Protein chains: 2
Amino acid sequence: MSEYNFCYKYPHPAVTADCVIFGFDGFSIKVLLIQRGIEPFKGKWALPGGFMNIDETAEECAKRELEEETGLKNASVEQFYTFSDVNRDPRERVITVAHYALVKLAEVKGGDDAASARWFSMDEVPRLAFDHDRILRMAASRLKERICFEPIGFELLPEVFTMTELQNLYEAILEVKFDRRNFYSKMLKLGILVETEPRPEWASRRMPTKYRFNAAMYAELKQKGFRLEF
Amino acid sequence: MSEYNFCYKYPHPAVTADCVIFGFDGFSIKVLLIQRGIEPFKGKWALPGGFMNIDETAEECAKRELEEETGLKNASVEQFYTFSDVNRDPRERVITVAHYALVKLAEVKGGDDAASARWFSMDEVPRLAFDHDRILRMAASRLKERICFEPIGFELLPEVFTMTELQNLYEAILEVKFDRRNFYSKMLKLGILVETEPRPEWASRRMPTKYRFNAAMYAELKQKGFRLEF
DNA sequence: TAATTTTGCGTAAATTTAACGCAATAAAAT
DNA sequence: ATTTTATTGCGTTAAATTTACGCAAAATTA
């Protein structure tokens with residue numbers, strides 16, 4: 001008896017979910033890739049992801065595969081585009097629902113179909129398997145759009161951070177430079193930042209103020225959106 | 001011999017493409033629906049759409065189904081979300097790549113699996129088949145977001161139109177009211193409008209200036225985006 | 001015939017943005 | 001040890017933009 005036991009009247013494509021996971025090390029944007037442990041493209045770097053089970057949503061699939069292949073748990077992934085070109089995959093017709101997430105950098109390890117997993121700076125990413133180069137490019141461009149209309153950073157930065165670190169994050173994503181003093185006042189005016197402790201009188205200029213996010217205000221701005229013109 | 005001839009090692013979901021087609025009649029936003037001619041949900045209204053062929057992309061499928069079911073050709077559809085809830089469809093596991101498009105109102109007619117097709121005002125839309133209510137809601141919300149960052153109207157308005165018609169369009173989509181005089185100057189400043197003919201000296205106030213879009217400028221703004229703050 | 005509506009064209013005040021100055025001092029260079 | 005450079009906080013000012021209206025001409029409606 002054949003092992004091909006799932007039969008349909010009409011041909012069905014396979015469906016996968018892939019993940020573009022962004023992180024930030026204080027200076028530049030990183031992306032999490034896995035090295036494929038099986039054919040096709042064995043040995044090549046690729047986005048984490050894999051075939052959808054018949055009883056899970058695309059988002060559930062993305063989270064499951066991400067954890068299986070990299071060890072990263074509870075990322076809050078969001079789908080951004082479905083790639084359905086006919087010859088994306090040499091094995092069979094496969095369409096993929098691509099997701100992205102912003103996470104704090106964490107230790108990752110290969111697992112399941114992934115021989116290994118690690119963070120890459122955006123400018124050191126090698127040629128990827130399948131059409132994953134294209135998927136990554138689109139994710140980066142969506143990230144740029146998003147940063148202008150809702151606050152990010154909460155997901156990417158440590159609990160406590162300086163204004164300079166926040167500015168570095170924005171500059172890394174948007175690939176531009178801002179005037180430090182204007183950035184400073186614009187961010188404070190948004191009201192999503194709170195000083196971690198009152199700055200002492202004697203504090204030196206080289207002990208920068210530390211901030212954390214005001215979660216309530218952050219969520220509200222995320223909800224209703226804003227405009228960062230820069 | 002069974003008619004179930006397409007067999008796989010693992011279960012595969014079916015994939016469909018659905019279309020949310022928006023139009024504008026000068027006063028309010030319309031959406032194009034079809035009445036289902038076959039089970040399930042026979043007789044219910046639904047979004048145009050259907051199963052993807054194995055050799056076409058989701059976008060091609062959306063366009064094909066749209067033409068088959070409503071007669072509308074060459075709509076420039078764009079995908080906006082993939083719905084993958086497990087029990088969306090009573091027949092089998094179906095995930096759908098939802099698309100939307102802005103078109104000039106045109107005569108439509110039912111065809112193929114659609115008993116009939118017609119335009120509905122957004123506030124007279126009945127309960128739809130499947131999870132199409134949810135899909136429609138998300139499309140409307142995406143349309144609202146989009147209108148603030150890139151010009152629309154070219155797709156929705158007739159060749160030649162008045163400033164008041166353009167304002168009605170924006171007000172209908174965003175569900176707000178603008179000051180006529182500020183809207184007027186803001187739009188002119190964008191540079192995407194050209195007067196169809198020099199306004200004669202003797203023109204009365206009740207013969208409003210007619211505009212058309214400056215295609216080149218329109219495309220450029222579409223490309224690089226802008227911010228309509230309002 | 002009088003009141004109302006629509007359209008084009010302004011204008012002034014309030015707000016926001018953009019560009020940059022300056023002092024204190026830590027860190028690095030000489 | 002001394003000088004130079006870099007970082008941080010806290011401004012200021014001019015330009016640009018947004019917002020809230022005013023007003024008149026003419027068509028429409030009452």
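Small disclaimer: the values here were computed from a predicted structure and weren't measured. Residue numbering restarts at 1 for every chain, and letters A, B, ... go by the order of the sequence lines.
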Length of the [atom1]-[atom2] vector between [X] and [N], whole Å:
X: B/M163; N: C/dT5; atom1: CE; atom2: P; answer: 22 Å
X: B/K210; N: C/dT7; atom1: NZ; atom2: P; answer: 10 Å
X: B/L193; N: C/dG8; atom1: CG; atom2: C1'; answer: 15 Å
X: B/F183; N: C/dT6; atom1: CZ; atom2: P; answer: 16 Å
X: B/L188; N: C/dT7; atom1: CG; atom2: C1'; answer: 13 Å
X: A/M187; N: D/dG9; atom1: CE; atom2: C1'; answer: 18 Å
X: A/M207; N: C/dA24; atom1: CE; atom2: C1'; answer: 14 Å
X: A/Y184; N: C/dA18; atom1: OH; atom2: C1'; answer: 18 Å

| Do the side-chain N or O atoms of A/K186 get closer than 4.0 angstrom to the phosphate oxygens (OP1, OP2) of C/dT16? | no
| query | Would you say D/dG9 has OP1 or OP2 under 4.0 Å from some side-chain N or O of A/T209? | reply | yes
| Does any pair with a residue in residues 62-74 of chain A pass side chain to side chain donor-acceptor pair (under 3.5 Å), and if so which ones, sequence neighbours excluded? | A/E56-A/R64, A/R64-A/E68
| request: For B/E59, enumerate each residue passing the side-chain hydrogen bond (donor to acceptor under 3.5 Å, both in side chains) test, keeping only those at least two apart in sequence or located in another chain. | output: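 Expected list: none.
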| task | Please name all residues satisfying side-chain hydrogen bond (donor to acceptor under 3.5 Å, both in side chains) with A/D131, sequence neighbours left out, ordered by chain then number. | result | A/R88
Donor-acceptor contacts under 3.5 Å from residues 104-115 of chain B side chains, at least two apart:
{"from": "B/K104", "atom 1": "NZ", "to": "B/F154", "atom 2": "O", "distance (Å)": "2.9"}
{"from": "B/K104", "atom 1": "NZ", "to": "B/L157", "atom 2": "O", "distance (Å)": "3.0"}

| Residue met sooner reading DNA chain C from 5', once B/T162 and A/K189 are mapped to nucleotides |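 Comparing both residues, the 5'-ward one is B/T162.
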Between the protein and nucleotides 20-23 of chain D, which nitrogen or oxygen pairs are less than 3.5 angstrom apart?
{"from": "D/dA20", "atom 1": "N7", "to": "B/N182", "atom 2": "OD1", "distance (Å)": "3.4"}
{"from": "D/dA20", "atom 1": "N7", "to": "B/N182", "atom 2": "ND2", "distance (Å)": "2.9"}
{"from": "D/dA20", "atom 1": "N6", "to": "B/N182", "atom 2": "OD1", "distance (Å)": "3.3"}
{"from": "D/dC21", "atom 1": "N4", "to": "B/D179", "atom 2": "OD1", "distance (Å)": "3.4"}
{"from": "D/dC21", "atom 1": "N4", "to": "B/R181", "atom 2": "NE", "distance (Å)": "3.3"}
{"from": "D/dG22", "atom 1": "N7", "to": "B/R181", "atom 2": "NH1", "distance (Å)": "2.7"}
{"from": "D/dG22", "atom 1": "O6", "to": "B/R181", "atom 2": "NE", "distance (Å)": "3.4"}
{"from": "D/dG22", "atom 1": "O6", "to": "B/R181", "atom 2": "NH1", "distance (Å)": "2.9"}

| Is the shortest side-chain N to carboxylate O distance from B/E195 to B/R212 below 4.0 Å? | no
| message | Here's one to test your reading of the geometry: is the NZ or CZ of A/R118 within 45 degrees of the ring axis of A/F120 and under 6.0 Å from its centre? | response |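 Yes, a cation-pi geometry holds between A/R118 and A/F120.
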| said: Applying a 4.0 Å non-hydrogen cut-off, can you work out what A/T164 is touching in the nucleic acid: base, sugar-phosphate, or nothing? | reply: sugar-phosphate
| said: I'd like to check the side-chain contact (heavy atoms from CB on, under 4.5 Å) partners of B/R180; sequence neighbours left out, ordered by chain and number. | reply: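 Only B/Q167 meet the side-chain contact (heavy atoms from CB on, under 4.5 Å) criterion with B/R180.
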